[in-house]
Structure formats: structure tokens, C-alpha cells
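Inspection log for the structure reproduced underneath, given as C-alpha cells.
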Amino acid sequence: MAGEATVDPITLSDKLTQIHDHWHPHVVAEANGQQVKLAKVMGEFIWHRHDDADEFFLVLSGRLTIRFRDSAVTLEPGDAFVVPRGVDHQPVATDETHILLFEPTGTRNTGNVRDARTRDELRFL
């Protein structure tokens, strides 16, 4: 609620134990119209883009490669990267990887594409 603060920290490792599916982000906090999301990922995600939002990735554990149409970037634990709005990308993780995402509330995980992994409603942990 506006004007109220919680004194409980968000323990990311505890929140991650509640996530069981790959590529299904969960909200752990909201601030200024943005959502902080956690996800476990493995394998290839779909090619997509977010026309109206940048997408911030922070790798907590594992390794994440973000492919672009003409290049790629690989992130190790502690590395962060911002995919600019409108840029086609495909996240890929060879092994299970834990990531934190930061993006505007309402940003669909599959961007401009709708498929079986699209999550219109995200669970708040």
C-alpha cells in the first residue's frame, strides 16, 4: 500500500525454491510501474521482441546466452544486460539458469509472439 513499507527482505534463493517450471517468470517485487521477476530457464526460448519495453536480465546462477539476429551475448553469474525495446532476441540456457528480470508491469514474457509458453498472468511470490 502507498506510504507503507515492509521490513521483510526478499530472499531470492527462497523465492527460487518455489519455482518449478522453466521459462515461467514469477513476480517478487513491484516498484514505480516496474516488476522484478525471477525465472528458471533451460533450453531455447522463442524468438521474440518487446516493442514497448526494454528488458533487463541479471544472471544469478548458470549461464545465459541471448541471441540476436546478427550476434549474441553470453552472461555469467553476476552479469546483467539490457535488451533494447524492439530488438528481436532469443534467450538460451544449455543448463538450468536462474535469472532476474526487470521490466514494466504488463510486459508479456513472449513479447510480440503468442505460444504455449506465453504467460498473461504472473504469480506473485
Shortest non-hydrogen separation from [X] to [Y] and the atoms involved:
X: Ala72; Y: Thr65; result: CB-CG2, 4.0 Å
X: Ala39; Y: Pro25; result: CB-CA, 3.9 Å
X: Glu103; Y: Lys37; result: OE2-NZ, 2.7 Å
X: Thr110; Y: Arg114; result: OG1-CA, 4.3 Å
X: Val113; Y: His48; result: CG2-CB, 4.1 Å

Distance in Å, [X] [atom1] paired with [Y] [atom2], rounded so as to fall on 0.5 Å steps:
X: Thr17; Y: Leu12; atom1: OG1; atom2: CG; answer: 11.0 Å
X: Ile10; Y: Lys15; atom1: CD1; atom2: NZ; answer: 7.0 Å
X: Arg69; Y: Arg49; atom1: CZ; atom2: CZ; answer: 9.0 Å
X: Glu55; Y: Thr107; atom1: CD; atom2: OG1; answer: 8.0 Å
X: Ile99; Y: Leu38; atom1: CD1; atom2: CG; answer: 9.0 Å
X: Met42; Y: Leu64; atom1: CE; atom2: CG; answer: 13.5 Å

Say whether His98 and Ser61, considering side chains only, have a donor N or O and an acceptor N or O under 3.5 Å apart. yes
With side chain to side chain contact (heavy atoms under 4.5 Å, CB included) as the test, would you mind laying out the steps for Asp88 and Phe68 before giving the verdict? CA-CA 6 Å; Asp88 289 335; Phe68 303 101; over 6 Å; no
Is there a path of hydrophobic side-chain contacts, each under 4.5 Å between heavy atoms of I, L, V, M, F, W or Y residues, that connects [X] with [Y]?
X: Ile19; Y: Val27; result: no
X: Leu58; Y: Leu75; result: no
X: Trp47; Y: Val73; result: no

Honestly, is Arg119 close enough over Trp23, meaning NZ or CZ under 6.0 Å from the six-membered ring centre and within 45° of the axis? no
Non-hydrogen side-chain atoms of [X] and [Y] separated by less than 4.5 Å:
X: Val59; Y: Phe81; result: no
X: Arg117; Y: Phe45; result: yes
X: Asp54; Y: Phe56; result: no
X: Leu125; Y: Arg123; result: yes
X: Asn109; Y: Leu122; result: no
X: Val36; Y: Leu101; result: no
X: His20; Y: Lys40; result: no

Do other residues, nucleotides or ligands put more than 12 heavy atoms under 6.0 Å from the CZ atom of Arg63? no
Do other residues, nucleotides or ligands put more than 12 heavy atoms under 6.0 Å from the CG atom of Asp52? no
Taking ring pair (Phe, Tyr, Trp, His ring centres under 6.0 Å) as the definition, give me every residue that meets it alongside His22, ordered by chain and number, with sequence neighbours left out. none
Could you check whether the rings of His24 and His26 sit parallel, tilted or perpendicular, using 30° and 60° as the cut-offs? tilted
Between His89 and Phe57, how do the two ring planes meet: parallel, tilted or perpendicular, split at 30° and 60°? perpendicular
Please walk me through it: do Val41 and Glu96 pass side chain to side chain contact (heavy atoms under 4.5 Å, CB included)? CA-CA 6 Å; Val41 300; Glu96 185 173 89; over 6 Å; no
